[in-house]
Structures are given as C-alpha cells and as structure tokens.
Protein chains: 2
Amino acid sequence: MAKVTANDVARYAGVSQSAVSRVFTPGASVSKAMEKRVREAAIELGYRPNILARSLITGSSRTIGVVISYLNNQFYPELLELLSRELRTRGYHPLMFIASNQDDIEEVTAEILDYQVDGVVLASVSMSSGLADRCQAAGIPVVLLNRTVENNAFHSVTTDNRSGGALIAHHLIDNGFKRIAFLAGWEQASTQRERERGFLDAMHKRGVSLHSRGVGNFDFDMTKEAVRQMLQADTRPDAIFFANDHMAFAGIGVIEREFGLRIPEDISVVGFDDVPLAAWPSFELTTVRQPAESMVLETLRLLFDNQQNQEPQHIELAAELIVRRSCPQRSGDTE
Amino acid sequence: MAKVTANDVARYAGVSQSAVSRVFTPGASVSKAMEKRVREAAIELGYRPNILARSLITGSSRTIGVVISYLNNQFYPELLELLSRELRTRGYHPLMFIASNQDDIEEVTAEILDYQVDGVVLASVSMSSGLADRCQAAGIPVVLLNRTVENNAFHSVTTDNRSGGALIAHHLIDNGFKRIAFLAGWEQASTQRERERGFLDAMHKRGVSLHSRGVGNFDFDMTKEAVRQMLQADTRPDAIFFANDHMAFAGIGVIEREFGLRIPEDISVVGFDDVPLAAWPSFELTTVRQPAESMVLETLRLLFDNQQNQEPQHIELAAELIVRRSCPQRSGDTE
DNA sequence: CTGAAAGCGCTTACAG
DNA sequence: CTGAAAGCGCTTACAG
C-alpha cells in the first residue's frame, strides 16, 4: 500500500541498499546471484526506482521540456507525436507546455526550468534573449524546431524554407500561370518570411511579378477574409500560394463554397507543410513537404550531442514539392 | 554558472537555509524583513527552488501523466490543449505519453508511475486491470477521458454517447430519410458501441430499420474503403452516420471526389465530435458536439477531489446536435 | 519568527 | 563484488 523503497527491498532480500541500487543501475557491477536475489524481491514487493530521487543525484531528470503552440495547425500534433516517440526510445519523456500567447513564453520557460528538464524544445515559438541567459546559465540545451530567431543564439532545425518557396515559384511559372498571388502568414515568423523571400526571389529571377498579396497570419478566419478580398478584386489571381497548408484549407473553402469556383480549373492552390490533411480527397493539395521525421531526429541530435559552449547550429533540411490535384503538372505545357 | 541552491542564497543573505525554504513555501511563517532579504538575494543569484527535491519530501511532483493516442483525430489535440492550460492554472504540468498501439499501455503506464506523477489521465486508451492494481497500490488517481472500460473500475468522463446517437437518429428520421446507413468505428471502443446503440435503439423505437452498415475502425483509409463499398451497392443510402467526424471527412472525400455525388442533395452526412474542422467551409458537417471544455474540467475535478478509496464516478455530459450544411434541417418537413 | 537537525529515496566514491 | 557512509536540494517537526 505504502510506497516501496530500495530499503524495503534490501531488507526483504537480506542485502544492502546499495546493492539494490546497483541492480537497477545499468553498468554497475553486481554478481549474477545478487542480481537474481534482488530482482525477485523487487518483483515480489512491486518495487521500481523513484526517478525523482535518482534525478536529484544524477542531475538528469530524463525529461525534456516541449513548448508548443498553435495545435490547430496539424503540423504540430504531428511533430509532437514523433518527438514523444523518439524521446521514449531514448529513455526520456516530454514535459508539455502549450503556450497560448507569445507573452507567455517567458513564464512558461521559467516553470520548465524549475522541473530540472535536461533540455528544451521550442516548436513554433520564438524565445527572448532573457531566457537565453537563463538556460545558458543552467547549462540546458535549447533547440528551436521549425523556427529560427534573429540573433541565431540557439540551435535550430527547419526545412529550407527559401528553397521551398522557390520550388513553388518555378512550378507555377512552368505551368503557365500569369496572375500569381501570395497569402502571407504571421509576418514575425521566420518560416513565413523565408518562404516568401525564396518565392519572390525566384519569381523575380524568372521575370514574373506578383499579381497580389494578402495576409492571413496563419489564422483560419483571417485567411478566409483575405481570400475574399482577393477574389472580389477586378482581376482574380489564377493561382494562390498560401504560406502554410492550414491557410490553404481555409482558402479552398472560400474559393469552392463561397465563390463557386473550381480548383484547379478556375484557380490553383498551393500550400506548405504537407500535413496529413493535404492528401485528403477533399483537398489533394499541392504543397511543399517538410520532412517532419528528419526534423525531429535532428532536433534530438542537437539536444543530446550537446557539447559545452558549442556554437549554435542551424540545420536546414531539404524541401520537396508534392504535386497533387489542386495545382497539377500540365504535361508539355512548360514555358 | 553552476546551479544555485537554497544554501547559496542562505549564505549570501546571511540567514539559515530553512528560512530560505520558508520564503518559497506558501503559507510558511516568515517576517516581512526576512522575506525581503531572502527574495533580494534569490533574485541576485537567480535562485529558483528545485521542484524535484521538493517533490521527494512532499510526495507530490506537481505532474500529471497524460496518455493519449490517435492524434490524427483532431479531437485529441483539442483535449490536450485544454488539459494543459487547465493543469497549468492549478500549478501542475502534463507529462506526455503518446501510446501508439494498445499493447504499449502497460509499459507506458509503468514508466509514468516511475516519474511519481500525482495522477493519470488516459484519453482514448483503455486500461488493463493489472495496471489498475498498480495505480491503486500507489494511491494514484486515474481518470479515463472519452472512454469507459467494461468493469467500471476507474473514474471516467464522457459525453452521453447514447443520447448523441439518438439525437442523430431523430434528426435523420424527422427529415424524411429512408435509407439510413451507419459507419462504425473501432468496435472495441466504448464510444463506438454507445453511439451505435443509442442510434439503433432510437431507430427501432421509431420503426425505422438500418439500410446498411460498414466498419471504418476510426481509420481514414479503412473508412474510405467502407464508403466505396456502400456506394457501389444496388441501392445507395440517402444518409450516412459516421461514428466520428474524422471518419466523416474521409467519407465526404469519397462521396464528392470519387463518386461525384453532391452533399447534401444526393446523400447526407452526419458525424460525431464537432472538431474544429467540422465547421470548415469544405465540410460544414452536421454532427454531435462533445463539450470538450466541460469534459476536461470534470476530469480535473475527479483527479484532484479524489478521496481515498472513493467509488469510481462516471460522468456523462450532455450531447448537442449541431446542424450544418452536410445534413440540414428541412423546414416544415417534420412529419 | 528563526535555526539546527533529521530525512525524503536514491547514487556513488571509498574501503574491504 | 559488496556494504557503510556521505550527500543530492529541499521540507518540516522541534526547540528556542
């Protein structure tokens, strides 16, 4: 009924408490006989080591703080699931923090540190430099996932968003679109800025200028409104690139349901992320795939391979264009 | 650089270590002068109490184990977000465990207990009775969220799934549908069973029999296949009730894209959950709303109000029919 | 109100 | 290989 400790097991098995500890410490030296005796007693009594007590000594809580926001964009549940799985295989577990508003992050991270986490992953949230110092001081590695930050003070893992934007520009131009529009996400976000920059640079190089631009802020309802504005203009775009899939889904709804236009016949749509929804028959969205699994693996590598005072690394993974019905490849029609 | 402890603060402020502890323990008796002196020193040195050490003594880790699976159904990210927010306001944080396959649960829960969590929430996963004993023995409260289990050994919070199923039956019959089909979820799940039972009982009472039945297992691709079968039959249903929204989205894709049928003119569709996606213009899904926020609040109530050896409680919250385009109310047509 | 001391459940040098 | 002892960073009776 009461919690059973290493001492209880030791008494029961007639050995010392240190022996019990050794049996449950990988790599410690114990004889086969001792091991057997202790394990049997442990099972008998239902003993399992208390991780908290262990952490106090080893200085490692086997816990990683994961700060995430914006779960209604399906990309983040996907990252979370992968992260959780991979951490577990390494003997770690995520302590979750869902940050609603940007202002929260300071407070949230302070709370995380109180739990003595062994590292922090920030997905889709940026970080103030005040926290930088605090994590640095505590010697806790921090990795930004799907974000970078101005001063480059932290490790980060992203897709090569500029190249991704360029892939889309080339796809649209190659397929003969003449009135190409862009719908921006939250303009403070590095993902948004890089995607747009890569997109516009490639357009410029090909001598094509943007037909129109709106801002959806990565928000569903704001995107709907921005698309309405675009479609009510004198000349409509013949293709729209949305800065992420989530916004593209909002746009598709407005285009098909509110304006009765056909995709891709009347207007083509491209997104960014390749979330599972993008492949659904209702959308079949042409998009740029972010390699979620590789992103998570790189994140963990940076977290665990961490040398003291190592220079922050910025990993950029290759983007891949996924062509589907919403903006198909027109055969031969290139140029 | 090194971690700063209560002892460091005590030395710096010229007081005892117990005094420092008291300043950071709500409700402990300290003079204003002492408090000021210690707090200043703490800020100066960047001190924050180590939660692990505190937990070891108080026996409370301020951590709740949250086991969840099936994040591709948007209902679960939604629950997770609410849960995380509410826990935080109470000074707790979720330790996340994403259970991929059902077999995992035993192992996962054992790991959770090692972290000395103060409670466990199981969302969308069932629990073996072996674990029941272990949690009981450890005195850790367990709440099932959106599930019940045969033997009723645990607290649970669900929507009244039977009434929800009945609401849908009445809506369909009242609107004159004659060939009503049901697409079942994972048949082991209590949610699936209850929804179907409420639905069929109400149909039976109104003297209407089911046109056809398929099984989608709560899985997107299996649902698509099941819907194809249904639509290829000699007589097609004129309305389909899917056991959850996630499956309904798969069905809508097949109906509209693969068979070129119109919703609701050719065939009507109803789901269950009312996830955010259901309101999207591409779907506008008629469904039964699960009151996610109330579910989470009740879950926390059961978790924290827990008396020793209290009888398991089974909370069922009211279901509400949300009528949208995919199966609208036909005015006046109600028999 | 304050401090000295015991102790939470472990790990880890240190002897033997 | 094994045990006795110190100690991780706190909280909490116990005196004063």
Side-chain angles (χ1 to χ4, degrees), chain A residues 2-39 41-42 45-63 91 113-118 137-140, chain B residues 2-39 41-42 45-63 91 113-118 137-140:
Chain A
K3 262 162 197 164
V4 21
T5 73
N7 247 314
D8 300 331
V9 177
R11 206 155 15 206
Y12 189 88
V15 303
S16 75
Q17 185 262 310
S18 354
V20 176
S21 173
R22 281 193 196 96
V23 169
F24 288 93
T25 305
S29 67
V30 268
S31 65
K32 285 252 187 312
M34 173 68 88
E35 163 128 33
K36 179 157 182 285
R37 202 159 153 192
V38 168
R39 286 216 184 273
L45 300 179
Y47 170 75
R48 285 197 147 227
N50 179 332
I51 292 198
L52 264 36
R54 170 181 292 171
S55 302
L56 201 54
I57 291 182
T58 62
S60 162
S61 64
R62 308 249 101 195
T63 258
L113 295 184
D114 294 347
Y115 280 90
Q116 312 294 119
V117 297
D118 294 338
I140 293 175
Chain B
K3 260 162 197 164
V4 22
T5 72
N7 248 314
D8 301 330
V9 177
R11 206 153 18 209
Y12 189 89
V15 302
S16 74
Q17 185 263 310
S18 356
V20 175
S21 172
R22 282 192 195 96
V23 168
F24 287 92
T25 305
S29 66
V30 267
S31 65
K32 286 251 188 310
M34 173 69 87
E35 163 129 31
K36 180 159 180 283
R37 202 160 153 194
V38 169
R39 285 215 184 275
L45 300 179
Y47 171 74
R48 285 199 147 226
N50 180 330
I51 292 198
L52 264 36
R54 171 181 289 170
S55 301
L56 200 55
I57 291 181
T58 62
S60 162
S61 64
R62 308 246 103 196
T63 257
L113 295 184
D114 293 347
Y115 280 91
Q116 311 295 117
V117 297
D118 294 338
I140 293 175

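Order of the sequence lines fixes the chain letters, A, B, ..., with proteins taken first and strands second; residue numbering starts at 1 for each chain. The figures here come from the full heavy-atom set of this structure, side chains too, leaving out hydrogens, waters and symmetry mates. Because the structure is predicted, anything quoted here is derived from the model rather than measured.
- Distance check: Arg11(A) CZ to Thr5(A) OG1 gives 7.0 Å after rounding to the nearest 0.5 Å.
- The side chain of Pro49(A) sits closest to dC10(C) out of dC8(D), dA4(D), dC10(C).
- Atoms CD (Gln116(A)) and C1' (dC10(D)) sit 11 Å apart, rounded to a whole Å.
- Among the nucleotides dT2(D), dG9(D), dG3(D), the one closest to the side chain of Ala53(B) is dG9(D).
- We find that CG of Asn7(A) is positioned 9 Å from P of dC8(C), with the value rounded to whole Å.
- At the phosphate of dG9(C), neither OP1 nor OP2 sits under 4.0 Å from any side-chain N or O atom of Thr5(A).
- Side-chain atoms of Ser60(A) do not come within 3.5 Å of backbone N or O of Ser55(A) as any donor-acceptor pair.
- At least one side-chain heavy atom of Gln116(B) sits under 4.5 Å from a side-chain heavy atom of Lys3(A).
- Across all strands shown, Ser31(A) has heavy atoms under 4.0 Å from sugar-phosphate atoms exclusively, and none from any base.
- Rounded to a whole Å, the CZ atom of Arg62(B) is 12 Å from the P atom of dT11(D).
- In terms of position along DNA chain C, the nucleotide closest to Gly14(B) lies nearer the 5' end than the nucleotide closest to the other residue of the pair Leu56(B) and Gly14(B).
- Taking all atoms of both residues into account, the shortest heavy-atom contact from Gly91(B) to Tyr115(A) is O-OH, 4.2 Å.
- Between the CG atom of Leu56(A) and the CG atom of Leu56(B) there is a distance of 6.0 Å, given to the nearest 0.5 Å.
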Give every pair of a protein N or O atom and an N or O atom of nucleotides 13-16 of chain C that lie under 3.5 Å apart, one pair per line with the distance.
from: dA13(C); atom 1: N6; to: Arg22(A); atom 2: NH2; distance (Å): 3.1

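- None of Arg54(B), Arg48(B), Arg62(B) except one satisfies the salt bridge (charged side-chain N to carboxylate O under 4.0 Å, His left out) rule with Asp114(A); the exception is Arg48(B).
- The aromatic ring centres of Tyr12(B) and Tyr47(B) sit 6.0 Å or more apart.
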Pair assignment for DNA chain D - dot-bracket with | for other-strand partners, Watson-Crick or G-U under 3.5 Å: |||.||||||||.|||
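- Looking at which nucleotide of DNA chain D each of Gln17(A) and Glu35(A) is closest to, the 5′-most match is held by Glu35(A).
- For Thr25(B), the listed nucleotide lying nearest its side chain is dT11(D); candidates were dT11(C), dT11(D), dC1(D).
- Taking only side-chain atoms of Ser21(A), from C-beta outward, the nucleotide of dC10(D), dC10(C), dT2(D) with the closest atom is dC10(C).
- At whole-Å resolution of the value, CD1 in Ile57(B) and P in dC8(C) are 9 Å apart.
- The nearest whole Å value for the distance from the CD1 atom in Ile51(A) to the P atom in dC8(C) is 20 Å.
- Side-chain nitrogen and oxygen atoms of Ser29(A) include at least one within less than 4.0 Å of the OP1 or OP2 phosphate oxygen of dC1(D).
- If you measure from atom CE of Met34(B) to atom P of dC1(C), you get 11 Å, rounded to the nearest angstrom.
- One interatomic measurement links the two molecules: CG of Asn50(A) to C1' of dC8(C), which rounds to 9 Å at whole-angstrom precision.
- Here the closest non-hydrogen pair linking Ser61(B) and Leu52(A) is CB-CD2, 4.0 Å.
- With rounding to the nearest 0.5 angstrom, the CE atom of Met34(B) is 6.0 Å from the OG atom of Ser16(B).
- In this structure, Phe24(B) places its CZ atom 10 Å from P of dC10(D), rounding to the nearest Å.
- Shortest non-hydrogen contact noted between Leu45(A) and Asp8(A) is CD1-O, 3.8 Å.
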